[in-house]
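Given the structure is predicted, the values throughout are model-derived calculations rather than measurements. Letters A, B, ... are given to chains in the order of the sequence lines, protein chains preceding strands, and every chain is numbered from 1.
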Amino acid sequence: MKGVDRKSEILDEVFENFLRGFKIFKNREVLRHDYIPDYLPHREEHIRYLGEIVAPTLGGFPCSNVFIYGKTGTGKTAVIKYVLKKLVAKARSLNSPVRVCYINCRLAGTEYRILSSLCNAIFVDVPFTGLALGEVFDRFRGGLNSEKIILLTVLDEIDVLVKERGDSLLYELTRINEDLSGSRVSIIGISNDLSFKEYLDPRVLSTLSEEEIVFKPYNASELRDILLDRASMAFQEGVLTEGALSLCAALAAAEHGDARRALDLLRVAGELAEREGSKQIVEDHVRRAKRRIEHDRMIEALKSLPLHSKFVLLSVYLLSKTGSNKSVTGDIYNVYCEVCERLGMAPLTQRRVSGLINELDVIGLLNSRVVSLGRYGRTKKITLSVPKSLVRRVFAEDERFISIIDYTPKCLMKP
DNA sequence: CGTCCACAGGAATGACGGGCGG
DNA sequence: CCGCCCGTCATTCCTGTGGACG
């Protein structure tokens with residue numbers, strides 16, 4: 001009973017602290033990545049250029065097709081959505097026949113869903129599933145021919161679509177204008193991957209990339225401006241310290257100039273500060289936010305691993321725990337086989353486990369490098385690149401592994 | 001200086017499951 | 001709804017190799 005009392009006291013304290021405590025946030029929403037601000041620092045050029053490209057649609061003319069490239073967090077999606085928002089508002093007031101359709105190809109997933117989104121944009125109903133692709137396409141074309149429409153199609157993460165499904169849909173879309181009387185379709189493609197052009201049919205490529213825009217990563221001072229702008233909306237006056245702001249910008253600039261990362265850092269730092277009742281966000285909050293984000297990412301990566309990859313990682317953990325410094329492929333495979341046996345699973349072959357080790361290396365959960373021990377062969381030295389305690393915690397949470405988490409591998413018993 | 005260990009890692013092939021066209 | 005095809009994961013078989021040992 002005493003324990004219960006103490007627990008409720010703890011919670012009382014937490015709640016009281018929160019209610020009485022100082023509020024860091026004014027509006028947390030503006031730090032989410034799906035928020036589109038009214039002002040995009042250091043993207044004025046791109047906005048202007050895109051605006052000039054799409055402007056003819058307001059007069060009922062088609063516009064050039066555009067390709068936009070840039071790494072994640074360089075503002076591509078934000079700029080496009082911003083321009084579309086303004087365009088739609090303007091078109092409505094002018095009563096011009098512009099329709100826009102923004103589609104994220106990775107989220108849509110299949111050609112069918114992309115096409116059905118296009119149909120919805122011109123108010124053509126199609127069932128969720130069941131129709132042949134060609135049928136949907138015909139209805140789409142029919143809808144376009146029934147009245148005059150200038151359809152501006154934005155295909156975000158278009159590289160994913162092409163890599164997974166090929167460029168046939170793009171091919172059809174680029175040629176659809178030939179079969180239309182009054183209506184026109186223009187396409188804006190957005191890609192994270194510059195090399196993705198190689199996957200495209202040259203005819204599609206030349207039609208699509210009438211205009212090209214490259215979004216460069218933000219540098220630290222540009223990130224600083226972005227953060228400053230958002231922070232003024234997100235936080236109460238005077239909450240964010242100069243040092244914390246600069247550190248956020250510097251950390252994100254070091255990591256490919258990703259504005260999304262920078263905003264995440266700022267948001268988590270703010271949450272940490274608020275939670276502990278601090279009146280300001282200081283550099284230490286940012287550092288802890290960085291650790292926190294990385295920590296969460298690692299746990300997520302660990303949890304989502306396929307079963308046998310978990311076994312392999314667990315084997316490396318068990319070996320490292322014994323203190324013996326001999327984490328080479330052969331030993332790991334032996335321990336792995338023991339683990340499998342104790343859990344009643346059939347082990348994979350050494351060849352496959354070797355492949356899994358490489359995959360874990362690529363993800364960054366393991367470190368591996370080939371070494372030659374001369375007479376004693378050529379192998380791979382493998383170490384954990386995440387803290388042991390973290391591995392232990394994640395595995396201890398999974399009931400399948402509790403019986404094995406403190407196991408001492410047999411093959412190490414011998415001297 | 002050649003040998004030979006203990007694997008690395010490529011290629012071919014098989015098992016399985018899921019989506020697609022008819 | 002069914003067969004077909006394709007991608008993924010895994011196995012089998014294989015050739016390649018840096019350097020301590022004798």
Side-chain angles (χ1 to χ4, degrees), chain A residues 103 105-119 126-141 157 159-173 193 196 198-199 201 301-316 318-320 324-341 343-385 400 409-412 414-415:
Chain A
I103 301 170
C105 299
R106 192 169 47 82
L107 295 183
T110 65
E111 290 172 286
Y112 188 97
R113 284 206 279 267
I114 291 172
L115 263 178
S116 81
S117 300
L118 287 173
C119 288
V126 286
F128 296 108
T129 178
L131 293 184
L133 267 178
E135 169 67 19
V136 184
F137 205 82
D138 286 344
R139 291 198 194 182
F140 177 55
R141 197 180 354 240
E157 305 200 54
D159 48 327
V160 179
L161 168 73
V162 174
K163 278 177 200 162
E164 288 181 5
R165 315 264 159 177
D167 59 1
S168 52
L169 177 63
L170 284 182
Y171 183 70
E172 296 294 333
L173 277 178
D193 182 3
F196 132 84
E198 296 159 17
Y199 293 84
D201 185 306
L302 249 160
K303 278 185 176 168
S304 61
L305 245 31
L307 189 59
H308 281 275
S309 296
K310 284 184 178 170
F311 288 166
V312 172
L313 204 74
L314 181 63
S315 306
V316 181
L318 291 175
L319 260 172
S320 75
S324 78
N325 238 7
K326 35 179 284 184
S327 290
V328 294
T329 307
D331 298 325
I332 289 169
Y333 186 66
N334 287 336
V335 178
Y336 162 83
C337 287
E338 282 182 47
V339 168
C340 286
E341 191 191 346
L343 297 179
M345 308 279 299
L348 303 175
T349 56
Q350 177 157 339
R351 177 71 187 86
R352 182 62 191 136
V353 168
S354 158
L356 292 180
I357 289 173
N358 285 339
E359 286 171 25
L360 289 168
D361 188 15
V362 171
I363 308 174
L365 294 175
L366 288 183
N367 262 320
S368 76
R369 65 173 216 280
V370 279
V371 291
S372 183
L373 305 172
R375 186 77 248 227
Y376 306 104
R378 197 164 171 269
T379 181
K380 227 170 189 177
K381 249 212 152 62
I382 293 134
T383 51
L384 279 176
S385 48
R400 288 174 297 177
K410 271 187 222 143
C411 56
L412 289 180
K414 63 194 180 214

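A straight line from CZ of Arg351(A) to C1' of dG16(C) spans 13 Å, rounded to a whole angstrom. Protein atom CZ of Arg369(A) is 15 Å distant from nucleotide atom C1' of dC7(B), rounded to whole Å. The interatomic distance linking Ile382(A) (CD1) with dA8(B) (C1') rounds to 11 Å, in whole Å. The OH atom of Tyr333(A) sits 11 Å away from the C1' atom of dT11(C) (whole-angstrom rounding). In this structure, Gln350(A) atom CD and dC14(C) atom C1' are separated by 15 Å, rounded to whole Å. Separating the CG atom of Leu305(A) from the C1' atom of dC9(C) is a distance of 15 Å, rounded to the nearest angstrom. In this structure, the NZ atom of Lys380(A) is 16 Å from the P atom of dT17(C), given to the nearest Å. Following rounding to the nearest Å, Ile357(A) (CD1) and dG9(B) (C1') show an atom-to-atom distance of 13 Å.
Of all nucleotides listed (dC21(C), dA8(B), dC9(C)), dC9(C) comes nearest to the side chain of Arg352(A). Comparing atom distances between the Arg375(A) side chain and each of dC21(C), dA10(C), dC7(B) picks out dC21(C) as nearest. Taking only side-chain atoms of Tyr376(A), from C-beta outward, the nucleotide of dC21(C), dG9(B), dT11(C) with the closest atom is dC21(C).
Counting all heavy atoms, side chain and backbone alike, Ser368(A) lies closest to Lys380(A) at OG-CE, 3.6 Å.
At the phosphate of dG9(B), neither OP1 nor OP2 sits under 4.0 Å from any side-chain N or O atom of Ser354(A). Side-chain nitrogen and oxygen atoms of Thr379(A) include none within less than 4.0 Å of the OP1 or OP2 phosphate oxygen of dC5(B). Checking the phosphate oxygens (OP1, OP2) of dG19(C), no side-chain nitrogen or oxygen of Ser372(A) falls inside 4.0 Å.
The main-chain N or O of Gly364(A) is found under 3.5 Å from a side-chain atom of Ser385(A) such that the two form a donor-acceptor pair. For Lys310(A) (side chain) and Leu302(A) (main-chain N/O), no donor-acceptor pair under 3.5 Å exists by modelled atom type. With hydrogens and angles ignored, the 3.5 Å screen pairs no side-chain donor or acceptor of Ser354(A) with any backbone N or O of Gln350(A).
Between Gly374(A) and Asn358(A), the residue whose closest nucleotide on DNA chain B is further toward the 5' end is Gly374(A). With DNA chain C read from its 5' end, the first of the two nearest nucleotides for Arg378(A) and Leu373(A) is the one closest to Arg378(A).
Remark: Glu359(A) CD is packed, more than 12 non-hydrogen atoms of other residues, nucleotides or ligands lying under 6.0 Å away.
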